[in-house]
Every structure is written in C-alpha cells, then in structure tokens.
Amino acid sequence: MSCSLLEFCRLQELKPVRDYLFHNEKTETVEDKNQTADNELSWDTSDWESAWDSTNNKEEEAASATTQVEKETSGQSGLWLQDCVVSLSPCSDLLVVAHEQRAAFLSAKWRTDDSGREEMTLGVSWTGVLSAEEGECVSSCICIPLASQKRSSTGRPDWTCVVVGFSSGYVRFYTENGVLLLAQLLHEDPVLRLKCRTYEIPRHPGVSEQHEELSILYPAALVTIDGFSFFQSLRACRNQVARAAAAGSDVIQPPPLAYKKWGLQDMDTIVDHSSVGVMTMCVFDQMKNASILGGFNASVKGSPPAMSQYVTVGGGPYTGFYYAVEGSSQPLLSHVALAVASKLTSALFSAASGWLGWNRNKNEEEVIQKQKPKVEPATPLGIRFGLPDTRRHGESICLSPCNTLAGVTDDFGRVTLLDLARGVGIRMWKGYRDAQLGWLQVPEEPGDREFSPSASLPRRHALFLVIYAPRRGILEVWGMQQGPRVGAFTVGKHCRLLYAGYHLMGVNSVTSKGWQLHTQQVCLLDPTTGALRIVNVPFHLALSDKKSERAKDMHLLKRLTAILKSRDVEPDILEKEANSVLLDIKHPAIKKQALESLLLNKNAPVSCLTNITSTLYDTLKQQEPNEVDIALLQICSSQLKLLQLYTDIQQLQSALTADTKACMEHGSLEGIQDELSRVGPTLQRYAQLTSRPSVSFAQDSPDLPLNVQTFLSQVECTEDGEVKVVHRSDTEWKQLGNFLFWGCLCGKSPLHKVCDTLQQAGMSPQQLLSLLLSVWLQREKQVLQKTDETVRNLHTLLIALSNMKGAVEESWDPQSVSPWWQQVRSTCIQSHNAAAALLAAFVAHHAAKASITSHGDSQFQSEWEAVSLELEQWVVCVRQLEDVLVLQTLLLVPPPQGAAGGAAAQCSIKTLLEGGTGGIADSVSKWVFRHNLAPERLREILQKKEGKAADEKLEQKAGDKGKEEKEKSLEDTDRTAELLVAVCQRFPHSLSPDLLFAHCCWEYVVQWNKDPEEGRYLCWAVEHLRLVSSPQIQLGISTMMWSTFIVKRFSAAAFLMEKVGKAPKDRLCRRDVGMGDKAMTSFLGCCVRLLQILMEADSAVEEVPAPDLSVEEVWCGGEGPASIAALAVEQRGVHFPLVQHHCLLASLLHAAMTFCLKVKPLSLFDSKGKNAFFRDLTSIQLMPSGDMDPGLVSLRQEFLLRVLTSWVQAIDDASSSVSGTGCPPLPSSGPKADWWPSLCLELGSLLQVNPDILRRHLVCELYNQGLDFRAEEVMLEVEDKDVLGSQLLVLTGQRLSYSLLHSQSQTQAAMELLARLPPTLCTWLKAMDPSELRCPMVPLAQTGRLVGRLIEILPENHGQYSLALHLLEAVEVLTTED
C-alpha cells in the first residue's frame, strides 16, 4: 500500500496535433540551436547553484542537437509541448492544446485494445484558429465542466466550457466543439493567468461555504466574475447558439458579463495569483490591525468585515497579500452594455456588437475594427503586506484544496510552502528549477477508522504536495505540513503536470447531495508516449513516520502478503517467515488481518497452517492475561480446532482397515431388498436415461478435492466450542458434504470413526444429516452404479447419525411426528433427483421403523398413536417418490430427431404439489409436445389393445431392408409407449384421457401463439380438443381458446380482407395478423373446426353429466392453480346462434383464402350481423332475422358460385376425364377436399341462397370441366330438372360444335355428317361458342351419355326436346363412324 502512478488514459494523434499547431514554423538548424545554447550559457552569479545544472543540461542539448531535430520531425519528442498552453478538464474528458493562434481540442473516446479490454483515449475532436484580431495569441486557457441541472444527474458534467485568454486582453468562451459563445475585452493588457474556484462540500460544520468564481489576471489588474451569473450566462449563450443553428438564423448577441476589476498596487511585477476566497478575521486580529494602522485612538467596528483574499507572486515584493472588503466595489457593467441589456434597440445593439466580439455584418467590419471598445477603469486595491525578497522573483502559485496553504515556485529553483492565514512561509525545498506543483487531498479509508483513536469524529483527509522537477525528470509526493517524502517516481523530462484545482461549476449544497464527483486531482501528461497518469497515495502514509508502530506493522503485513503471493516458496521457508512476521506484529487488529490472509492463502499446506497457528496460540497463552487480546486468542483457538478437524477427516479417508470393511459389509438390508427389486426395472431405465453424455465444467466436478481454505470459509467455531457450518451457497454446501461423507458412502472410509470425529468436534447432527443427504442426492449417477453397496453404507451412516446426542428426541409428543425424520422427508420431497431420493426414503423408512419399534417396546401403550402417524407419513412419502420416479423417467426420454426439443422438465414432489391439480397432466402434455406425438397416436397408446394391434401391423409391413434399424426404433417406441401407459396407471385420475387431451390441447395452442407460422400446432390443438369425450370440458376449453388466443387474430383477418376486398398477400397478412398467407389459411380452417366443436359440445352438454375431476389419494395435499379441465367446467354457457354466426364468417373467410377469391366478407351481412361479430360468445346479441335484402342474397349467391367454380377447377384431373373409369378419391383437406360442395350447400341454406341453384351450377361446372362422372352423381340431387336440361343442352351443343366445326383434325365423315344434319340443328351448332368450355376435348362416349341423360330429364313437351333427339342421332352416327 504505497504510492503508485497509474495510467488511466492515452492520447491519440499527438503527431497530427503537433504538426497542426506548428504548421508555419520550420525546424531550426543545428547551428541555430548551438548558438541559442551558447547564449543561454550566461547566467546570473547569484543563482550559481541551480544554474550549474542548467549549464550541463544546455551543453548536453547542444551536443545532441542533430538527433533532437530528427526526433522533432518524427513527432516523438515532447519539447514542443513546453511552448504550448495546455489545459485538462478536471473530469478528464477534454484536453486543450493551444499555440499562438491555433488550438486543438481532444475529447474522451472509448476503444477496445488488442486484448479486448475497454480503455479510454483522448482523440482530436476539433482544430481551428482562435484568434480574432491581428497579432493576438493565446496566453492562457482553462476547461470548466458545467454541472447538469437535470434531476437524474449523478455528477457527470452536462458540457465543458473552454475559456481562453489572449495577449490582446480579450477573454473568449467556447463550447467543446469550438463554437464561440461569448467574447469580452476586460482590460487592454495581455491575459496572464485564468483560474477558477468551484463549490467544495464543507468537511466541518464551522467552515463557511466559498462562492464560485472565475478570476483573470492582467499585469496590473485582477478581474473576478461571480460563478452563479457566469454559469447562467453560459447556459443561455449555449442555448441561443443551438437554437440559431437549428433555425439557420443569426445569433442574437448577449449582454456582457458582470465583473469586478481590482487595480493591484504596490507590487512591481505580477506573474501569477490565487483567489483564496472570502474570509472573516477573528476579533483579536481585527483589533491588532486597527492598532497598527490607526494608532492608539483607532476605533473598531462591532463585527469584523468579510474580505476576499488574493495572493500574488512576482517581484517587489516576492509575494503579495491583498484583501478586498466585500461590498466596497459594485460589479462593473459598461453603460452601453446596460442599454443593450435593458432596451435591445438595433442602433445600440450594432454599436455594442463590435466590442462584444460577436458576429458582425460585413459592411460594418472596417468601421468597428477602428473603434476600440470602452474599457472600465479598475478599482484601486492596495497591498496589505507581502514577503519582501529583492532578488527572488516568484514564477507560479498553487493553492491547496483546503484554501489554507499554497506552494510558490521562484527563479532560484526553490519551492516555498505558505501559510495563507498567517502570511508566512513555513517550509522550503531547494533544487527544483522550473518546478510544477499540484495538490492531492486523500480521504481516510473506511478500514482505517477502526485503528484510529478518533473513530467517532468526522472522516479525516490527508494533504499531499506533488512536485514535478522537469530538469531531473522526477515526480515527488510530500506529506503536509512537515511530513516526509512519501513517494518518488522517475518520469520523462518533458512532461506536464496538470492540476486544475477546481471541480464542476454550477454545484451547490442542494444539488451535490448523493453525487459522486468523477474528477481527477493531479494528472501527469507524458508527450513522448501520450499517456495520462494519476498519482495514487494511500491515506495512511500521512500518519507514518519512523517511530510509528502501526507503520512498522503495516510494513510487516505487506512483507507477508508479498511472500504469500509468490508461488515458488517452500513450505518450510513460508512457515518460518510467517511465524517471524506474526510474532513481530504488535497491533492485535493487524495481527488478526495477517493471520486471516495466511489462512486464506491457497498455496499454504494444512500442516504449515496448523504449525503457524499453534505457535501463535502458544505465544499468546504465555503472555500476561491483561496484555492478550481476547478476540485474537479465540480466533487462534477456533482456527486450530478446525484445522485439526480437517486433518483428521483427511487422514480417515484413506484409513479403511480390513476389519472395518468386513463390519461394513455385514450390514443388513432385509426390508429394503424387496423394495429395491420391485422398483429395479424403473431404476435401470432411469439410470440409462440419466447417464447420457452432457457438458459440465471441470471446476464444478464433485470429484475435486476440498482445500483447507474452502473448508475454513464454510465452517466456524461458536463461543460454546461447537462447530457450525455456514450455508453460503448450494455448491459449497455440496463440496463440504462430499468431503465429509462420500468416502464413507463409497466404502473407502471407516463410517463410525468419521461419525465419532464429527461428534467430538461438536457438529450438529441436523447439519450433518443435511450434508449427508445433499451429497447422496448430488451423486445420483454413481449411487445407481453400485446401488447395493451405497444403500448399505447410507443405512449405516443414517443409524449412526440418529444415535448421536440431539438427533432423535428422547420423547416426543404422541400427536406429532419426529423432526429428525421430517428433515429427511423434506429433503426428499424437494429433490429433483428422483431415484436417489427414493433410495434415501427406503433407507430412512427402514431405519425409522426399526428405531420406532425399539422405542415403542420401552414405552407405554398410550404412545403408539405417534408411531402409526410417523409410519403413515413414510408410506405416503415413498408412494409419492415412486410415482415421481416413473414420471421423471418418462420426462427424461429424449425426443426424436427433428422434434421441438428443449430441456427435459425436472419434477419433484414439491413442484408437483405446487403445480396444483393439473401439474402432472401439464408436465406430460409438455412431454407430448416435445416428442411431436400426433393426437391419434396418443389416443392409440391410451387405448392399449389398439396400440398393440397397430404396432403388430407396422412390424408385418417392415421389409427386409434396414429391418434391424426399424425393429430397434419400434422397440424404443414400444418402450416409450409402455412407460406412458405405466405413468397413466400410476395417476389414473390426474392423467385420465380427457384431462391429458385437454392439457395437450392447451399446450399446443400456447406454443402456436408463440409461433403462429406453425399452423400444425393449432391444428393438433383442435384435434386434441376433438378427442375429449366430455362436452363440458370441450365447451369450456373452446371458449377459453377462442377468447384468449383466437378472436383477436380472427377479427384482424376479417377486417384486413374487408379492407383489401380480396384474399390478402403475404406481406399484409404478416403486418396485420402476424402470420403469412399460408399460415392464415390454415388458421381460418382451424377456426371453423373449433367453432364446430363448440357448437357440438353446446348441443350435447345438457345430455351428459358433468365429469368428476378427482385426484389420487396420496396427491390430495396439492396447493396450486386449478387444472385446465377444472377451469373449463366453470366456464359460462355460450349463445348458440352467435357461435353459428361466427362459424359462418369463418367458413367464408376460409373459402376466400383457400381459393384466393375477391370478396368483402363483412359486406355479405346486414348491420345487425356486422355488430354481432367478435363479441363475447357468452353474451346475448341481436341477430339477423327474417328475409334478407335481395341485393345481399345475390352477393352471397355469387360468392358461393365462385367457390364451387374454384373447387371444380382445383380438383380437375386429366386422368379422371380421359380414363372414364370413375372418380379418384379426393383428399380430406385443402382446396381439393371433398367436403367443399356440401359446405357450400350448408352455407347456402344459412345465407338464404337457393341450394338448387348451387347444385345446378355445380353440375354445369363439372360437365364444363369434363368431369362427367362426378356431375352425374350431383345431378341426382337437382330438383328443377327442366332448367338443368336447358343448361346442359347448350353445353352439349358446344361440345358437338367443337368436334364438328372447331376441331383441328376435321374428318371427311364429320363434314358429310354436318351436311346431313337438319338445317335448324346445323344453324344452332354454328351459333354455339365452344371457347366457353374449359375442357372441350371430351370422349364422344361421355357426350353420348350426357345426351342420354338429357333425353331422360327433359319432358316430351319441352320446347327443345326435338333438338335433343337430333343431337342424340348425330352423336350416335359420329360414334359408329369412329
């Protein structure tokens, strides 16, 4: 814990900055440099001491001038920076480098280095020329961060103002982007120095708050600007500039700043200053000054006046102290500027704009340049006193953060420390020519307060002076006021020490509460590397000196820490050194810290730690009782006991003898063996599923040895001498249990000796039991590999722990259960390791039964009630764990490739009970989803006989090729099916078919809602719902599905189709409904089926009694949400006409999407029908009734006719029309489904459309398509045969017309036939238009059948009957000729 120099930032693009700033300057030749060096060799004899060093340096520089020129050209040297004005914001986010008229602003940026670590850099954000007048140069500059006024601010600056002083006397204010905000000429001499003072939080109640202030030093004047008005003016200027930039207008020139100007008198030359702030004299000093200045008869005012103190350095005197009484000078504001501020008249404004330095019109420039702004005269201020030293000239002054001290440098190479309150120099350092100063104020660390005698007092602060000596290239840190040098660093000779001396401006006592001011105090800029480094000084260095015991102890502690960090130290050397250090440290708290760091070191072996702790303990015991720290003695005693315990357990892990082993193997497992054989097959299957390879981290492996440091961090000694385990995390808990008991469970450690050792150490049997069960459950895979051996050892360990004092109570209340065995049950109930928990329950049940039996023999008869209660709890627990094991085995079965996948669910008794009555069915439904199990397959598995028969058929169909693979997959499928059946048998009520189908339905619809593109999920959800036998459950789930997931998307689809007037494209579907066009078609089909199921369930709900939703007896204690089935039964009934109304709309939407038809679906309904849509299905709505408007009916009829036409076109199959052998079967879904015609007819009856019109249209369309056989089937159902006959007659004529007149291959026979035909028929055929036929190439045999049908259905008195006879003759002739 010593001083350190830490790099926190790096400057980028230093060479471009140098090249820009020195753009017009040419590199000096070697000869010029030599001449300059020779001239500088003449020095003043009075300053011979320091000038000797200067001579040597100059000679060295002259000798290496050539090399230096090369470095200059490469941009690597830092000499150029000495000629620049440099200023760093205290927040370290902005650096300004200026030279003559040019400047470069570097802003903070974050970048990733080669190692991937984020680091802060300063990169060029703006470059430009700052001077506005000819010949003026930058003479001083500071960066002032301005605090944010927002409530959410935490201490970061809002923006940073760059204040620049020029040799012309102008002071200009810029943003961090180089935008000029304000310019003002305050004095006609060059600006020497700019300094700022900001708000400091008072550390003590008596310290007065200092006002914020900006001070500007001229050769004979000092200008001060009040911080509050300065802050507000800058904010207003910045806002105005931003608004003008946004609007593209000219910037309105603001009024100038109010300031005070003091003419500093009685001092020959002034080069630097410090504004100390407002101070008040004590009464004694007031009387003393009055007596000295006014003599014997001087009078004294009642209260001493408040004064602003200014300290200047220069010559004649060397240091001057000025005091300005508050209120003696009013803030200056020129008359013109006052007029500008009060009346913004254009004439006065233009006159003032020139000396304000703001934007000017071009035509006024020449006139304004000739006018010099009016400069207000300074208020004279006489010097109060000074430090006269004729030959010494001050160069700089640096004020301390506490405003009581200041460091002054002079031309003699001295650094003087001034006490500003007394006005005297109190310390001087020599040999620091061209020194640069800075201050560090370090707060006391929280850890140091406990060693401090003044722990109850406010937090202390230490003050350090940082001196950079560029001639020697060294940076030193000195303690104040008379402290030693606490740190020294060798740095470059061309660095710059950057010390701001202020923080954020605009902060006050209210806004600073809770802020963390992110500011750096002292930074060292190295231009050769571009590194910005900060000095880090620990607080305790201010307290240390050669006689401090605590400093010596801290040094010894550091020495011990260094030894512990080195990995290659031999244990003997480490023990020797650590003993030496621990015995030499005097302070008990530091000795305790050293011991703790030693015990936490991972490189120290346990024997070494034991010896060191033992030596320290013996030493403490030999001391006088009143000199020994009791807490330290207790720590040594307790740690020694824990180290001994660790060593004993470690030795016992490899100390198994043959006798002990034989004794262990002799253990009895009579009662447990039967239960093990009963659950053996399930355990074997579970073990196979859990032994699949998985990824794990090496550091998480339970086989890693527990080091002593981890052991000590988890175990502690109480005041009573007992050993207590601290439960920090589950991982550490399992590590400790593994260390104590896994050797015993494996049979590698003597069980009874381990238990005796732990009991003698005073460990609680309850904690030991918890550790034993944790390692047993964690090591489930290894336990299942050697079940008999591990179960026997667990039984022995459990009996041994039960016999410990404090484990099982001597007598318990007959009406309650034993807390000891309840702890075992609680652990098993919460465990997700089903097999290990079941084995532990078997063992504990057996041990508890034996213990209770022996206990019951020695008690009275009245206490046997508790025995039966305890055993009853175990019976229930074992039965539950067996159920969980079978269920968990099913859930562990991996899904087939290509299924949804996901992690296998983990279940325990606790999670199943908390999951409520539907928790078990919910787990299985998730498993069904993961395995992609089709609803029909699930139904087959639940109906076991059908499932077996189906599997046998599948086996018979399996061919020889790849027969083995198929048999293996079938075998796996059979085993999974058997496992599912076994789970359903263990949960006959919780997994009844209706409940399982209901939960599967809900799981699939939930998964569909997550990914609506997967239309198959919704289809299977509806299919699962269809398989539910109870109409009450069907009705409730349908209603919940509709209101929760379906209706919102359904209404969006309807409104979208109504808006576009046709089946929408994919992009619109995704935008409005959230799925593609294909998924939306499937979705609408599912809506139709869902609403149909809903209507069927509503019709049957009165006829079937409500289902009995019961739970298995051992699972009755569940507390959790109700199952889906229970919620479904509680749902209200629906309004059947409203459901039918929605089903009608869903069918129309589905048809429109399937066949891509143009339709506005909602326009097919009247206002009542439209208003009823998308309402709650349980509500009573006003439905359409009576005859519908004929216009609407015709629209509906037209739509249904288009649906039938589209269906006929979809099912068109060339083979069916050509072969003439009959109709091929149609699919059950999609646009070719066989149920579309019947659906249209059903819709027609609901929409008041004549069904016979639809049938006749369908017959004509089928004949038109050439599907004569399908048309003949439909023709049988047509009622109005006359109209159909007339329509088919025209169609027959078109076919014949095509064959005779329009066919490409017209035969001579056909021409002759045409000539023989009656003229009327011939004329009629020529009038036919065969282009209306979609399939004109129909075999003549089919046309003959069609004419035969026509003759049958047309009555003889029909007007076209004779025409039909002529057609029949013509077809017969054509057929015979073919």
Side-chain angles (χ1 to χ4, degrees), residues 1-4 442 444-455 460 462 479 483-484 486-487 536-644 708-709 712-713 716-717 719:
M1 292 180 63
S2 57
C3 286
S4 56
V442 181
E444 185 176 19
E445 292 118 356
D448 283 337
R449 295 302 282 167
E450 62 186 74
F451 307 130
S452 170
S454 56
R460 297 179 294 176
V486 297
N536 185 27
V537 184
F539 175 82
H540 72 81
L541 292 180
L543 309 175
S544 22
D545 56 20
K546 292 177 182 177
K547 296 181 180 178
S548 170
E549 265 190 13
R550 186 175 175 279
K552 183 184 174 185
D553 286 353
M554 292 299 292
H555 173 73
L556 290 168
L557 180 60
K558 281 186 228 170
R559 182 176 151 201
L560 177 63
T561 307
I563 295 169
L564 293 175
K565 280 183 180 176
S566 58
R567 298 186 177 181
D568 51 353
V569 181
E570 294 294 329
D572 299 340
I573 299 171
L574 176 63
E575 184 178 335
K576 182 180 176 182
E577 289 288 336
N579 272 327
S580 172
V581 169
L582 280 169
L583 295 177
D584 287 346
I585 293 176
K586 306 297 182 192
H587 204 289
I590 300 178
K591 190 172 282 195
K592 174 189 170 188
Q593 189 180 348
L595 180 62
E596 287 173 349
S597 62
L598 179 68
L599 292 171
L600 289 173
N601 184 261
K602 294 186 178 180
N603 298 327
V606 64
S607 57
C608 176
L609 295 178
T610 307
N611 295 338
I612 294 169
T613 313
S614 178
T615 306
L616 179 60
Y617 181 71
D618 294 341
T619 309
L620 291 172
K621 290 291 283 182
Q622 290 169 8
Q623 293 179 7
E624 293 293 329
N626 55 352
E627 294 178 3
V628 178
D629 186 76
I630 303 299
L632 182 61
L633 190 66
Q634 284 181 347
I635 287 173
C636 289
S637 171
S638 61
Q639 296 299 317
L640 202 57
K641 182 177 180 180
L642 296 177
L643 288 168
Q644 191 59 48
V708 66
Q709 288 75 26
L712 292 176
S713 67
E716 63 181 25
C717 261
E719 295 179 357

What distance separates [X] [atom1] from [Y] [atom2], expressed to the nearest 0.5 Å?
X	Y	atom1	atom2	value
L616	N611	CG	CG	12.5 Å
N603	K565	CG	NZ	12.5 Å
L598	I563	CG	CD1	10.0 Å
I590	L556	CD1	CG	9.0 Å

At their closest point, which heavy atom of T613 faces which heavy atom of L643, and how far apart are they?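 Closest heavy-atom pair between T613 and L643: OG1-CD1, 3.8 Å.
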If the condition is salt bridge (Lys or Arg N to Asp or Glu O under 4.0 Å), which residues does E575 pass it with, not counting sequence neighbours?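 If we apply the salt bridge (Lys or Arg N to Asp or Glu O under 4.0 Å) test to E575, skipping adjacent residues, there are no hits.
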Set of residues satisfying side chain to side chain contact (heavy atoms under 4.5 Å, CB included) with respect to [X], sequence neighbours excluded:
X	answer
T615	N579, T619
I573	V569, E570, E577
S607	P605
Q709	K602, L609, N707

With sequence neighbours left out, write down each residue that passes side chain to side chain donor-acceptor pair (under 3.5 Å) with Q644, or none if nothing qualifies.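 If we apply the side chain to side chain donor-acceptor pair (under 3.5 Å) test to Q644, skipping adjacent residues, the hits are D648.
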Any sub-3.5 Å donor-acceptor pair from S637's side-chain atoms to L633's backbone N or O? no
